[in-house]
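Each chain gets a letter, A, B and so on, in the order its sequence line appears, and its residues count up from 1. Keep in mind that this is a model prediction, so the values were computed, not measured.
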Number of protein chains: 2
Amino acid sequence: MSGYDRHAYEPFAVTVDLAVFTLRAGVLHGLLVERGEEPYAGRWALPGGFVRPDESAETAARRELAEETGLTDVSGLHLEQLRTYSEPGRDPRMRVVSVAFTALLPDAPEARGGGDAAQARWIPYGSARALAFDHDRILADARERVGAKLEYSCLATAFCPPEFTLGELRQVYEAVWGTPLDRPNFRRKVLATPGFVEPVPGAARLTGGRGKPAALYRAGPAAALHPPLLRTPREGRPA
Amino acid sequence: MSGYDRHAYEPFAVTVDLAVFTLRAGVLHGLLVERGEEPYAGRWALPGGFVRPDESAETAARRELAEETGLTDVSGLHLEQLRTYSEPGRDPRMRVVSVAFTALLPDAPEARGGGDAAQARWIPYGSARALAFDHDRILADARERVGAKLEYSCLATAFCPPEFTLGELRQVYEAVWGTPLDRPNFRRKVLATPGFVEPVPGAARLTGGRGKPAALYRAGPAAALHPPLLRTPREGRPA
DNA sequence: CCCTTTTATAGTCAACCTGACTGTAAAAGG
DNA sequence: CCTTTTACAGTCAGGTTGACTATAAAAGGG
């Protein structure tokens with residue numbers, strides 16, 4: 001903060017923007033709200049809002065998340081800072097610096113357009129284009145970050161309910177990465193990672209759809225995956 | 001931005017803080033400035049300053065980096081957003097939201113206290129305690145991030161001059177991770193990763209200190225490491 | 001009620017990667 | 001000249017991964 005005591009400073013508006021993801025029927029969805037006013041009236045945008053004077057960005061993000069999803073308890077949800085977007089001109093009205101967050105939800109309560117948004121809705125990722133402001137880019141950055149974190153962290157369980165099958169966990173990876181994974185290999189890898197998942201002791205089995213019932217698991221205490229679960233490297237980079 | 005059009009907003013001051021790292025004699029150093037005024041007068045702090053109205057945080061960070069290091073060309077240096085710190089009360093005078101950046105320098109020009117700081121100096125990481133504001137935490141977060149990125153990216157070359165030996169590259173990993181690495185295995189791994197480094201074609205050899213002269217390499221076109229170069233997992237997490 | 005489809009789970013096998021280690025070469029310093 | 005230091009080549013066993021086969025247990029359709 002060398003310029004701290006010498007230069008005059010200009011005030012900025014500070015907002016949070018939320019890239020909220022969930023899985024519905026094995027497809028990655030993002031939460032979007034329809035704007036009611038100019039600029040970008042009628043366009044879809046990420047939920048978010050101003051940071052209040054007594055809040056940190058994290059606190060504001062969690063408050064907005066609760067307002068927008070209609071969930072009464074968002075304390076256990078995964079919420080993580082993505083990055084801050086501060087280009088001049090990203091908001092046509094004034095100078096706005098926005099701290100973007102990524103949130104992951106296990107199930108998808110139908111979004112009630114809480115707060116002040118006209119309406120909120122879960123949209124399959126990729127089917128919404130031309131969002132307001134620079135929200136297309138924020139959403140893409142968030143998805144990329146989530147995909148990368150699946151490789152070396154236990155983040156995937158944040159998409160799952162408290163008890164889940166390994167098939168559901170695999171669907172998280174497949175939906176976010178957009179690649180099918182080998183079932184037996186995925187199973188072996190997950191079970192070999194200490195602390196990733198732990199079996200639910202009771203003779204617990206679940207019948208969701210067709211095939212053989214699957215054993216239930218809970219998220220384990222581990223936060224990181226050692227060694228990581230890597231996406232197939234697209235191609236070797238040529239020298 | 002659901003609250004965008006309904007709630008009044010409060011202005012914030014927006015600053016950038018820089019965690020600048022370099023290697024001197026194989027030891028990780030951070031760039032710190034001594035504060036000349038209250039609060040925290042006389043204490044060490046991260047370099048940084050206010051974001052100007054026509055700047056993005058990235059632009060402001062690069063400008064401050066040039067001012068603080070005295071380098072005439074900082075365009076090629078690695079500069080990356082770390083995260084944003086926004087706790088109320090992190091600055092006793094006013095509401096300041098700070099976007100923190102991490103920068104990596106190959107060599108260490110003796111820091112001239114450019115800009116407005118009383119003086120700027122390279123301090124071995126870990127020997128400076130009780131920095132001003134929340135800068136201890138920012139610096140620790142930055143080091144952790146750099147250590148993690150060394151695993152799965154080609155970031156290490158950002159600490160090296162344009163041409164370097166594999167020994168120098170290995171010292172980067174050892175200094176940031178605080179662990180000695182096996183020389184032959186490190187060499188094998190780096191050379192087996194396509195695009196990480198490429199040999200300097202001329203009969204290029206360098207004599208730095210003692211032993212056998214080493215071949216010179218340049219940074220290659222790759223940005224990511226596949227598969228990653230992992231730190232030894234400290235210990236298996238107990239179930 | 002049988003047969004097909006779907007999913008879970010067990011297991012095999014070869015290729016690859018990694019960590020630990022040995023050996024040789026080429027310089028500097030005493 | 002001998003020791004120390006660093007670079008570099010190579011070996012070897014164990015672990016991990018990707019590809020693949022096989023079996024079990026359910027649902028759905030005829």
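- Atoms CG (B:Leu181) and C1' (C:dT18) sit 13 Å apart, rounded to a whole Å.
- Rounded to an integer number of Å, the gap from B:Leu169 CG to D:dC8 C1' is 16 Å.
- Protein atom CG of B:Leu191 is 14 Å distant from nucleotide atom C1' of D:dG10, rounded to whole Å.
- Taking side-chain N and O atoms only, A:Arg187 has no distance below 4.0 Å to OP1 or OP2 of C:dG11.
- Residue A:Pro184 places its side chain closer to C:dG11 than to any other of C:dG29, C:dG11, D:dG28.
- With hydrogens and angles left out, the side-chain atoms of B:Thr84 and A:Thr84 include a donor and acceptor closer than 3.5 Å.
- In this entry the distance linking CD of B:Glu168 with C1' of D:dA7 reads 13 Å, nearest Å.
- The distance between atom CZ of B:Arg183 and atom C1' of C:dT18, rounded to the nearest whole Å, is 19 Å.
- Relative to the side chain of A:Arg210, the nucleotides D:dA7, C:dA8, C:dT6 differ in distance, and C:dT6 lies closest.
- The pairing partner recorded for D:dC1 is C:dG30, the criterion being a Watson-Crick or G-U wobble arrangement whose two distances lie under 3.5 angstrom.
- Checked by atom type and distance alone, the side chain of B:Asp136 pairs as donor or acceptor with a backbone atom of B:Ala130 at under 3.5 Å.
- For the pair A:Leu46/A:Leu139, a side-chain contact is recorded, criterion being any heavy-atom separation below 4.5 Å from C-beta on.
- For B:Tyr217, there are no ring-ring contact (aromatic ring centres under 6.0 Å, His included) partners two or more places apart in sequence or in a different chain.
- Near DNA chain C, meaning a heavy atom under 4.0 Å away, there are no residues from residues 151-158 of chain A.
- Atom CZ of B:Phe186 is separated from atom P of C:dA20 by 16 Å (rounded to the nearest Å).
- Residue B:Lys212 contributes atom NZ, which lies 7 Å from atom P of D:dA9 at whole-angstrom precision.
- Relative ring orientation between A:Tyr125 and A:Phe21 is described as tilted, the plane-to-plane angle lying within the 30° to 60° band.
- Residues satisfying the side chain to side chain contact (heavy atoms under 4.5 Å, CB included) test with A:Ala156, not counting sequence neighbours, are A:Leu150, A:Leu169, A:Val172, A:Tyr173.
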Expected rows: protein N/O vs nucleotides 1-3 of chain C N/O, under 3.5 Å:
none

Sub-3.5 Å pairs of nitrogen or oxygen atoms, protein against nucleotides 11-17 of chain D:
residue: D:dT17; atom: OP1; partner: A:Lys189; partner atom: NZ; Å: 2.8

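- The side-chain heavy atoms of B:Phe164 and B:Gln171, taken from C-beta on, include no pair separated by under 4.5 Å.
- Side-chain atoms of B:Leu230 and A:Pro228, non-hydrogen and from C-beta on, do get closer than 4.5 Å to each other.
- Partners of A:Arg83 under the side chain to side chain contact (heavy atoms under 4.5 Å, CB included) rule, at least two apart in sequence or in another chain, are A:Tyr85, A:Arg137, A:Asp141, B:Glu58, B:Gln81.
- B:Leu191 has its side chain within reach of B:Leu166: a pair of non-hydrogen atoms, C-beta onward, lies under 4.5 Å apart.
- In this structure, B:Leu230 places its CG atom 8 Å from P of C:dG19, rounding to the nearest Å.
- In this structure a side-chain-to-backbone donor-acceptor pair under 3.5 Å is missing from A:Glu34 to A:Ala120.
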For the pair A:Leu104 and A:Leu77, evaluate side-chain contact (heavy atoms from CB on, under 4.5 Å) and give the outcome as yes or no after the intermediate values.
-> CA-CA 7 Å; A:Leu104 307 183; A:Leu77 300 182; over 6 Å; no

